[in-house]
Amino acid sequence: SLLRPAAAQQSITQDDLLAFDPVGNVTLLHVTDIHAQLVPVYFREPSVNLGVGEVAGLPPHITGKEFLSTFDLTPGSYKAYSMASTDFLALAKEYGRIGGMDRMATLVNAIRAERPTQTLFLDGGDTWQGSYTSLQTQGEDMVRVMNAMKTDAMTAHWEFTYGTERVEELIDQMDFPFLAANVRDTDWEEPVFESTSYFERGGVKVAVIGQAFPYTPIANPRYMIPSWSFGIREKELQERVDEARAEGAGLVVLLSHNGFDVDRKLASNVTGLDVVLTGHTHDAVPEAIKVGKTLLIASGSHGKFLSRLDLDIRDGEVKDFRYRLIPVLSDVIAPDPEMAAVIKDVRAPYEADVNRVLGKTESLLYRRGNFNGTFDDLICDALLSERDAQIALSPGFRWGATLLPGQDITVDDVYNMTAITYPNAYRNEMTGQMLKDILEDVADNLFNPDPYYQQGGDMVRVGGMGYRIDPTKAIGSRISDMTLLSSGAPIDPSASYVVAGWASVNEGTEGPPIYDVVSDYIEKAGTVAVKQNDSVKIVGI
Amino acid sequence: AAIAGLPSIALGAEKAEMRVAEFLGGATASEGGLSLEMPEIAENGNTVPLTVRVDGEATADRYAESVLILADGNPEPGVATFHFTPLSGTQEASTRMRLAKTQNVIAVAKMNDGSFMRTDNLVKVTIGGCGG
Amino acid sequence: MSKPRVKIPKSAAAGEIITIKTLITHKMESGQRKDKQGNPIPRMIINSFECTFNGERVFGCDMEPAISANPYLQFTARVPESGEFEFVWKDDEGSVFSTKKKIKVA
Ligand SMILES: [Mn+2]
Ligand SMILES: [Mn+2]
């Protein structure tokens, strides 16, 4: 193929990736935010990931060269390639794609073979959504795969966007528990799902408590899960932890989809948690972050990493630990044949569809970053053009794979960026004031200094409009200098603008599905190129 | 909508403080011993759960006679008043309220000995959407 | 019209503190809304709730228009002896809705 990873095969082996000096009696394996990526992809880490207030400058809010020096990673190494955005394009050509659940299975099975009675494999959620096949099978492809992975437990977020009935159906198909301690029914405020599972590993009773994404009904359509209520529920979590200790658990693990900063605050407020396996914010951190006695683990996204945490548990305490964030470099790992067969089988009915080439890209196309990503710029261009709008809005999702310059864009690639169950691309009139309110609202969800008021997404992307943002300002006063790019005129709060967007959480939103809008645009263009986007000015940081 | 015009916030907050003053009847409220538990971000402004808790069990010697709950960004700030008794056991109760927008929820407890406690908490009501 | 529902344990130990949950179907018309013609819709809410045990007050609540439709209340009660809880809701039109629940102290 065009992008043959030469150096990777020569210098790095599967054994290098698996190298680990074991310690203690329990091994936790963690993956999270796979976003239904069954086959290898490219994934560029963010170059902008700001923290505000107390977490400014702390992991995971460091990127690029600063990230490499903080964690003592050699520039140009495979670790540098997988964990930071520096020299991404050159290193992607050298080291190749990441992930693929057949490669993941190889790593997990090898560690299980080494630690047969000590290992737990846990999935932090955002597993069932994010690809063409997951959307077509309504999550069933991922349930099959995670059953075949012999997963021990999971929690959830985007899973809920298949709606109440489908979630219940898929839970029935699962061979392992679906844990969500923080979900209550809206009538009587009673638990909906199991909160805790107990496992015997290495002679230790391990309690795993699941924490679903606390803001699911706000970040995603509430009408799809009308009778379920979420929330952080710190006090109830403390009760579950105390309960687990009373049951004799020697190790208490929170399998969390809170997001890193929320978990950092939670870990300092809740006592008795040994390990928090974080998820949702897609951060990849190569060291365990200690908060009091609690270890925080951040395992990235898209099947790019497998986290291995060995723990020495004695007398109900962590006496020692060792941690490695293992990059899943697709080209140096032999695919597990059984898992490869499962993946082939679930993709077979859709092979022709997903491989259809829509066009080609001249630019690096990625999403992740606080303010804009080039694939989102492409989506905004598609919305402006296909929906004949002045301004485009595209949600600040953190999922979505990367495409290198020169790559074909397939249907698979477009769905990796857009596969949601509420895809309608609306075209509405909005006043300048409404646009300002939206930007301020999303900015506060990202930059409120108290992480419990954050939702963990990135800033909404805009096309056709520029603005200035000061993340350090208070709610309602971060955004200024909103400008209509086509005329250069300031956005008038009382004037109306034609706005196209997608992923509205409101029921009854009308318009063609976003994946069709983007596919049509790319097919018409043939080859796409995304111009440098300087329309968002960041100040105050 | 999340962003309110300043005048209506001021008006709601003013009305709320008038209700608090009336409830206190000239006494002053202390901090601590009273908590309000609510989601930091409301899922649905039409039904926002809240729990009020006064520390310690309710006994014949000490219990919260009345706990006034106000929302300072609603057109009318009144939400509810809970009345505990020695038979309540705990001094903890929950209900669900309507919040028009991002605002402070205020609780003021009047104990049977005539003392008062107060707590204020912000609940964000957002437009929603987006996520990781 | 308004149907009350109560969740309460059937039995308790003497002196135990139990949790009680109540729900009653009701629109809780706030008085803030307007109809299609622009005329204000008059306020019509449940404005009070009371729970008694063997005739003695356990917990009460005065409700205002900010209470959500289908008012929900959760509170606790200390159960000194076997007996009967009574739950009473009143609305702006003077309607009274009530229900009773027995509890056994072993
Ligand atoms: Mn995710
Ligand atoms: Mn998520």
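Each chain gets a letter, A, B and so on, in the order its sequence line appears, and its residues count up from 1. When reading the values below, keep in mind they use all heavy atoms of this one structure, side chains included, and skip hydrogens, waters and symmetry mates.
Within the 3.5 Å criterion, the main-chain N or O of B:Ala58 finds a donor-acceptor partner in the side chain of C:Arg78. Under the 3.5 Å distance criterion, the side-chain polar atoms of B:Thr90 are left unmatched by any main-chain donor or acceptor of C:Thr76. Between the side chain of B:Thr95 and the backbone N or O of C:Tyr72, at least one donor-acceptor pair lies under 3.5 Å.
By the 6.0 Å contact criterion, NZ on C:Lys21 is enclosed, its count of non-hydrogen atoms from other residues, nucleotides or ligands being greater than 12.
With a 4.5 angstrom heavy-atom cutoff, B:Pro77 does not touch chain C via any of its atoms. In this structure, no portion of C:Pro71 lies under 4.5 Å from any heavy atom of chain B. For chain B, the nearby part of C:Leu23 is the side chain; its heavy atoms alone come within less than 4.5 Å.
Of all the listed residues (B:Pro86, B:Pro75, B:Pro49), the one sharing the greatest number of non-hydrogen pairs under 4.5 Å with chain C is B:Pro75. For chain B, the option among C:Met28, C:Glu56, C:Arg57 with the highest count of heavy-atom pairs below 4.5 Å is C:Arg57.
Side-chain contact between C:Thr19 and B:Glu92: absent, with no pair of heavy atoms (C-beta onward) separated by less than 4.5 Å. In this structure the side chain of B:Asn74 never reaches within 4.5 angstrom of the side chain of C:Gln32, judged on heavy atoms.
Using a 4.5 Å cut-off between non-hydrogen atoms, the part of residues 58-68 of chain C that approaches chain B consists of C:Val58, C:Phe59, C:Gly60, C:Cys61, C:Asp62, C:Met63, C:Glu64, C:Pro65, C:Ala66, C:Ile67, C:Ser68.
A distance of 10.5 Å separates CG of B:Leu87 from CD1 of C:Ile17, quoted to the nearest 0.5 Å.
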